[in-house]
Amino acid sequence: MEMSDANQETLDKWLKSARRMDSQALSKLCAHYYPKILRFMRYRVGSNLAEDLTGEVIVKIMRSIENQSGRFEPWLYRMARNVIIDHVRYRSVRPETELSEEMSNNLINEKSPDTAVSHHMDIQTALGQVSDEHREFLSLKFIQGLDNHEISEITGQNLNAIRAMQFRALKAMRDVLAPEGVET
Amino acid sequence: MKNIETILDECIDQLRAGSRMDEVLKKHPDVEDELRSLLGVSQGLQALPDPTPSVECLMRAMSQQITQPARVQERRQAKIPFFSRPALLRFAAGITVFFFLGWSTVAASSDAVPGNFMYPVKRFAEKMHLIFSVNDKDEAELRITFSERRLAEALKTYQQGGGINDGLLRQMLEESKQALNQALALSPEERSYLLSRVGYLTAHQQNVLEAVKRTADPKEQADLEPISELSGRRMQWMGQMMKDEKMTPPSCSGCWGASPEAQQNDENKNTEPPKTIEQWMDSCPM
């Protein structure tokens, strides 16, 4: 469900007002980006944690929007990324462990004869089994739909490194989905 | 020669731009199989379903952060006091009101006027309504309602001996202007309906302001004069715009349309009247 269907011009207007701590613009901005952050979190840490960590990102936005400069979305994803890093450090738990367990449960409990659903589950399961670094890249590029320049702004990697990471991450996914020469 | 990483990246860009998989692969026969499997994975990732967030989900997340600060916030509290920023304070106060006092509190605030301790609750509830309005028409309708409320509040304040609250009256005009702004994005039928509503609202507000002016003391009349004059110009402007949109302005004691003096001034200025509703909005008296 899209909570807000604002165009770029409206978003820029909200952002400008939110930077001046206009509470209404800030609320609208948070409501607009909430589904995007939730989606990012959902495929990074699993649905059990996604809502909590998305809430943390929202509070961080509210606290630091005053000093925000530059493009908003990369800033937002850097913040979301830091929340995940903080979470991992705090719990000393690798997020992929939680994700894999949750996704395995999904597969056990929600098996469906529908091919598309099964395919989604395969992809989700595979995503839970690749390294955190690969999952982060795959989430940003393919699930969030960002381009290489935006990812570069978020991760600090140069474009060559991003292309190499893209190849390795997709290859890792493919190997999980069809190991040892199994046809995809 | 390009390496596989670069070729893969170019293929992904081409697919995103709308090219078909076969067309993209045809250009790279040497690595076609490798590319096909990797691009297949990328498309599978892009097709993953969205989680389904809800308003309740967002509100719950926010209220949890405010009422049960998580560990990250606790660590940060030492650096930045939680309630140190006005916007955060207002936001937190609002969320708290919604969840701990409930909607009954918001309903109880409906008659509140500035100075009343429930008034911030009323205004916050309005903001929340706006945030979760589902479309432009919904928002325009809300703006009209809020404009009516500002007038009612100004009247109540005046009747209670609080004098002319020009802040409320200016907000009244601002809300109706916002309603017009929202109307621009709507279909012609919906736009006409909303323009008509704002037209009648403006006429009503002007009539009320004139009635108040007749009974007010000289000081209050002086306070009211700039708003009344602004509202009058707004009404003339609305009347012209509605005629331009081929709508019938509401009759209002002959108050629609420019006064003879204003018409004379306009002729002297030799200015072109606005041709589109967007141009009309740019010329809205504020």
Side-chain angles (χ1 to χ4, degrees), chain A residues 1 3-5 18 21-24 26-28 30-31 34-35 38-39 41-43 47 50-52 54-56 58-60 62-63 65-66 83 86-87 90 116 119-120 122-124 126-127 138-139 141-143 145 147-148 159-160 162-164 166-168 170-171 173-174 177-178 184, chain B residues 3-10 12-13 16 34 36-55 57-58 60-66 69-73 75-76 80 82 84-92 94 124 126-128 130-132 134-136:
Chain A
M1 176 187 131
M3 289 197 179
S4 160
D5 196 19
M21 299 311 279
D22 175 327
S23 59
Q24 187 177 334
L26 184 55
S27 310
K28 286 191 172 188
C30 290
Y34 183 80
L38 185 65
R39 181 174 163 87
M41 290 294 182
R42 167 71 182 79
Y43 292 110
S47 56
E51 284 183 17
D52 287 348
T54 304
E56 284 192 22
I58 294 290
V59 171
K60 283 188 127 188
M62 289 159 62
R63 284 181 172 168
I65 190 79
E66 220 173 353
V83 166
D86 279 351
H87 169 77
Y90 185 78
H119 182 62
H120 286 157
D122 289 345
I123 294 276
Q124 284 187 39
L127 193 59
L138 295 168
S139 299
K141 177 88 189 225
F142 300 109
I143 298 176
D147 62 29
N148 291 357
L159 294 177
N160 284 334
I162 285 172
R163 279 189 214 106
Q166 178 170 256
F167 177 69
R168 288 199 308 271
L170 286 174
K171 204 159 172 292
M173 277 288 286
R174 185 191 60 189
L177 286 164
T184 49
Chain B
N3 60 24
I4 182 80
E5 288 96 341
T6 306
I7 294 171
L8 175 67
D9 194 48
E10 286 174 358
I12 288 168
D13 285 345
R16 280 188 174 184
E34 176 84 340
R36 187 185 297 280
S37 61
L38 296 177
L39 292 173
V41 172
S42 76
Q43 290 188 325
L45 285 163
Q46 284 165 11
L48 280 176
D50 278 343
T52 48
S54 62
V55 171
C57 181
L58 170 63
R60 190 172 64 246
M62 288 175 170
S63 65
Q64 276 172 358
Q65 298 304 315
I66 290 159
R71 68 228 172 292
V72 177
Q73 293 162 11
R75 284 204 300 274
R76 290 208 155 200
I80 308 166
F82 187 69
S84 63
R85 299 190 182 189
L88 184 59
L89 179 63
R90 287 197 295 275
F91 204 89
F124 180 79
E126 290 181 357
K127 284 182 180 178
M128 295 312 287
L130 279 178
I131 289 165
F132 296 116
V134 291
N135 52 39
D136 290 323

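Convention: sequence-line order gives letters A, B, ...; per-chain numbering from 1. A quick note: this is a predicted structure, and the numbers were derived from the prediction, not measured.
Residues Asp9(B) and Gln166(A) have side chains in contact (heavy-atom distance under 4.5 Å, counting atoms from C-beta outward). With contacts defined as side-chain heavy-atom distances shorter than 4.5 Å, the pair Gln124(A)/Pro49(B) qualifies.
Of all heavy-atom pairs between Val41(B) and Ile123(A), the closest is O-CD1, 4.4 Å.
Not counting sequence neighbours, the partners of Glu34(B) by the side chain to side chain contact (heavy atoms under 4.5 Å, CB included) test are Phe167(A), Lys171(A), Arg174(A), Ile4(B), Leu38(B).
At a 4.5 Å heavy-atom cutoff, Asn160(A) makes no contact with chain B through either its backbone or its side chain. Ile12(B) touches chain A through its side chain: at least one heavy atom from C-beta onward sits under 4.5 Å away, while N, CA, C and O do not. Within the 4.5 angstrom heavy-atom criterion, no atom of Arg36(B) approaches chain A.
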Go through Leu45(B) and Met173(A) one step at a time and tell me if the side-chain contact (heavy atoms from CB on, under 4.5 Å) criterion holds.
CA-CA 10 Å; Leu45(B) 285 163; Met173(A) 277 288 286; 3.9 Å; yes
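Residue Asp147(A) holds its CG atom at 8.0 Å from CG of Asp13(B), rounded to the nearest 0.5 Å. Rounded to the nearest 0.5 angstrom, Gln46(B) CD and Lys141(A) NZ are separated by 9.0 Å.
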